[in-house]
Amino acid sequence: GIGIIEEDFRLSIFNRWGDLIYTTTNLHAGWDGKYKGLMMKNDVYVYKVELKDIFNKTHHSIGHFTLVR
């Protein structure tokens with residue numbers, strides 16, 4: 001994204017039972033589909049993004065995606 005303060009970014013990914021399986025504060029890192037070194041199964045996962053923009057406004061976004069290989 002544009003205008004994101006990189007020090008105030010967090011991406012979290014949860015499985016369908018609400019277990020945290022991935023988190024990062026690196027704006028440029030992505031999830032590789034693994035948890036504890038094992039590939040996760042094709043399923044629906046939930047993401048949560050928290051960040052601040054250059055105007056110091058906080059943003060939160062929650063959604064879901066389907067992992068398909």
Side-chain angles (χ1 to χ4, degrees):
I2 298 172
I4 297 171
I5 299 174
E6 291 191 35
E7 295 80 22
D8 290 316
F9 172 84
R10 176 176 300 278
L11 167 66
S12 302
I13 297 178
F14 304 86
N15 65 17
R16 65 173 56 219
W17 297 277
D19 300 320
L20 179 66
I21 58 172
Y22 178 77
T23 189
T24 186
T25 56
N26 183 341
L27 178 62
H28 305 287
W31 181 46
D32 63 1
K34 294 181 182 177
Y35 177 62
K36 295 184 178 180
L38 301 173
M39 291 299 292
M40 298 298 291
K41 66 179 183 170
N42 293 347
D43 207 346
V44 176
Y45 296 87
V46 175
Y47 68 85
K48 180 179 177 183
V49 176
E50 303 166 281
L51 61 91
K52 279 189 181 178
D53 64 22
I54 58 174
F55 302 109
N56 208 33
K57 183 177 177 186
T58 302
H59 300 269
H60 301 276
S61 179
I62 297 174
H64 64 275
F65 65 94
T66 303
L67 177 65
V68 179
R69 274 185 233 101

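Counting from 1, the numbers follow the sequence of the chain as shown. The structure displayed is predicted, hence computed values, not measured ones.
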Q: Please report the interatomic distance CG(Asn56) to CD1(Ile5), rounded to the nearest 0.5 Å.
A: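 Answer rounded to 0.5 Å: 5.5 Å.
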Q: Please round to the nearest 0.5 Å and tell me the distance separating atom OG1 of Thr58 and atom NZ of Lys52.
A: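 Taking OG1 in Thr58 and NZ in Lys52, the distance rounds to 5.0 Å.
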Q: What is the distance from atom CZ of Phe14 to atom CG of Leu20, rounded to the nearest 0.5 Å?
A: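 Between Phe14 CZ and Leu20 CG, I get 5.0 Å after rounding to 0.5 Å.
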Q: For a quick test of reading the model, state the closest non-hydrogen atom pair linking Tyr22 to Ala29 and the distance between them.
A: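 The pair with the smallest heavy-atom distance is OH-CB, 3.9 Å.
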Q: When you measure from the side chain of Thr23 to the backbone of Leu11, do you find a donor-acceptor pair of N or O atoms at a distance under 3.5 Å?
A: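 Present.
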Q: Donor-acceptor pairs are to be reported for all side-chain atoms of residues 38-50 against protein atoms at under 3.5 Å, with residues two or more places apart or in another chain.
A:
residue	atom	partner	partner atom	Å
Asn42	OD1	Arg69	N	3.3
Asp43	OD1	Arg16	NE	3.2
Asp43	OD1	Arg16	NH2	2.4
Asp43	OD2	Arg16	NE	3.3
Tyr45	OH	Lys41	O	2.9

Q: Could you tell me the separation between the CG atom of Leu51 and the CD atom of Glu6, rounded to the nearest 0.5 Å?
A: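 Nearest 0.5 Å value for the CG-CD distance: 11.0 Å.
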Q: Parallel, tilted or perpendicular, judged at 30° and 60°: which one describes the rings of Trp31 and Phe65?
A: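 Perpendicular.
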Q: Measure the OG1-CZ distance between Thr24 and Phe9 for me, rounded to the nearest 0.5 Å.
A: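 One gets 7.0 Å once the value is rounded to the nearest 0.5 Å.
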Q: Does the side chain of Tyr35 reach to within under 4.5 Å of the side chain of Ile13, using non-hydrogen atoms?
A: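 Side chain of Tyr35 against side chain of Ile13, heavy atoms only: no contact under 4.5 Å found.
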